[in-house]
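The block underneath contains the structure these notes are about, expressed in structure tokens.
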Amino acid sequence: MALQVRTARDDDRQALHDLSQLAFAARPAPYDDANDRGANPLDRRLLATEGERIVGRLAVWELGQWFGGRRVPMGGVSGVAVAPDARGRGVASTLVHEAIRAMRDRGEVVSSLYPMNHTLYRRNGWEVAGSYPEQRLDLRALTPLPRPDGQVDVRPTTEADLPAIRELHEAVSREEPGNLSHGPEFGARRLLGHPGIQEGYVAEANGRLTGLLVASRTDPADDRGFYTITVLQLLAVDLASELALLRVLAAQYPVAGTVTLVTPPQSALPTLVGERDLRPADRGWCWMTRLVDAAGAIAARGYAPDVTAEVHLHLDDPVARWNTGPHVLRVKDGAGHLEPGGRGDVRLGIGRLASLYTGWASPHRLARLGLVTGADAADLAALDRMFAGRLPWSRDFF
């Protein structure tokens with residue numbers, strides 16, 4: 001039976017939920033209509049059908065990602081699910097191909113995702129491009145933290161806080177390569193407390209919001225406490241605000257024994273606790289990125305203003321053919337341009353360019369592995385100058 005792809009309709013909601021539960025849940029949960037209607041709009045959900053039966057689905061969040069201090073429009077692919085008896089027949093690839101075309105039409109020049117199947121996404125142009133540095137912390141280690149130096153008040157979030165929280169999130173995230181800029185639906189779900197689902201707190205100083213903590217509780221993994229805590233957001237503009245929010249977590253010890261949170265090595269927390277208290281969690285996720293519109297992506301991100309460089313590329317993108325062919329990549333005065341033409345000296349696939357674009361991969365290492373060919377020492381040095389910076393990471397899982 002022929003496979004068809006279309007956008008979701010209102011009467012598909014229950015079937016889409018059931019398919020996701022079949023794909024991802026050991027113990028399926030009942031459909032929650034209010035929760036579902038607060039998620040991705042239906043026109044951002046694609047489904048694959050055989051006859052009347054839905055055999056595959058995915059959704060694309062409206063997001064941005066910060067690179068070089070600039071917000072790059074990004075489509076966040078999530079919830080890719082295929083019925084067990086329909087796997088191995090190209091359902092997922094058909095869905096992501098259609099999603100790539102739709103993202104291009106909407107101006108989402110890059111796409112990122114958290115992969116359950118690296119092979120599938122690598123084959124379709126995504127490549128590992130950043131980390132999700134999840135850490136596990138013994139809550140006892142937070143109990144001796146000092147009080148903030150200065151007056152910081154902490155209170156629960158309210159819906160009226162959302163605009164100010166969005167501004168705070170953007171201000172803190174923009175200098176962290178790979179961090180997300182939230183779209184309307186994603187932000188409303190992730191930046192506020194929701195009774196029975198997650199609790200949210202804001203820090204305030206001198207009449208303005210200076211920090212955010214959003215966390216959920218789960219059953220304990222062992223007998224050390226009554227529950228464990230997962231931090232979904234921890235943002236602060238200064239150390240005093242971060243300390244005030246960390247003390248909210250510390251106050252839950254010993255009823256809770258551990259907390260899981262995402263924090264990079266350069267954050268304040270590793271300097272406040274012992275090296276044996278804060279350890280990587282066991283999941284070790286990395287995210288993958290693809291350039292949906294390579295020229296648009298190059299133009300959208302920022303670059304160091306003192307870099308002037310040019311490289312002649314030949315890009316290979318078997319899915320998004322509009323990216324394929326010889327191009328000249330130029331960076332000057334903090335701006336990048338990718339224009340058709342040139343000699344095509346340096347050959348690489350679209351996924352390898354994505355891992356350079358985010359700053360995750362070293363061009364010299366890719367060349368040593370044979371993943372970038374035709375580049376001389378000057379080409380590699382130029383690519384390194386263009387995309388060098390702190391390693392990209394994200395505090396958001398989607």
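Side chains are part of it too, since the values below use all heavy atoms of this structure and drop only hydrogens, waters and symmetry mates.
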If only atom types and distance count, is the side chain of W322 paired as donor or acceptor with the main-chain N or O of V292 below 3.5 Å? yes

Quick one: does N124's side chain have a donor or acceptor within less than 3.5 Å of a partner on L120's backbone? yes

Can you check whether Y132 and W393 have ring centres sitting under 6.0 Å from each other? no

Output field: ring centroids F186/W61 closer than 6.0 Å: yes

Closest contact, heavy atoms only, P41 versus E185: CG-OE2, 3.6 Å

Would you say the side chain of D161 lies within less than 4.5 Å of the side chain of R155, judging by non-hydrogen atoms? yes

Any side-chain heavy atom of L22 within less than 4.5 Å of one from P84? yes

Not counting sequence neighbours, which residues clear side-chain contact (heavy atoms from CB on, under 4.5 Å) with A304? List them please. D306, V307

Cation-pi, Y121 ring and R123 (6.0 angstrom, 45 degrees): no

Check against side-chain hydrogen bond (donor to acceptor under 3.5 Å, both in side chains), Y31 and Q21: CA-CA 9 Å; Y31 173 70; Q21 295 295 296; over 6 Å; no

Anything under 30° is parallel, anything over 60° is perpendicular, the rest tilted; go ahead and classify F387 against Y357. tilted

H182 and H169 aromatic ring geometry - parallel, tilted or perpendicular at 30°/60° bounds: tilted

Side chains of E199 and S216: is there a donor and an acceptor less than 3.5 Å apart? no

Exercise: do Q65 and S112 side chains pair donor with acceptor under 3.5 Å: yes

D317/R290 ion pair, N-O < 4.0 Å: yes

Output all residues satisfying side chain to side chain donor-acceptor pair (under 3.5 Å) with R390, sequence neighbours left out; order by chain, then residue number. E176

Can S20 and R57 be said to form a side-chain hydrogen bond (donor to acceptor under 3.5 Å, both in side chains), step by step? CA-CA 8 Å; S20 292; R57 61 152 297 171; 3.1 Å; yes

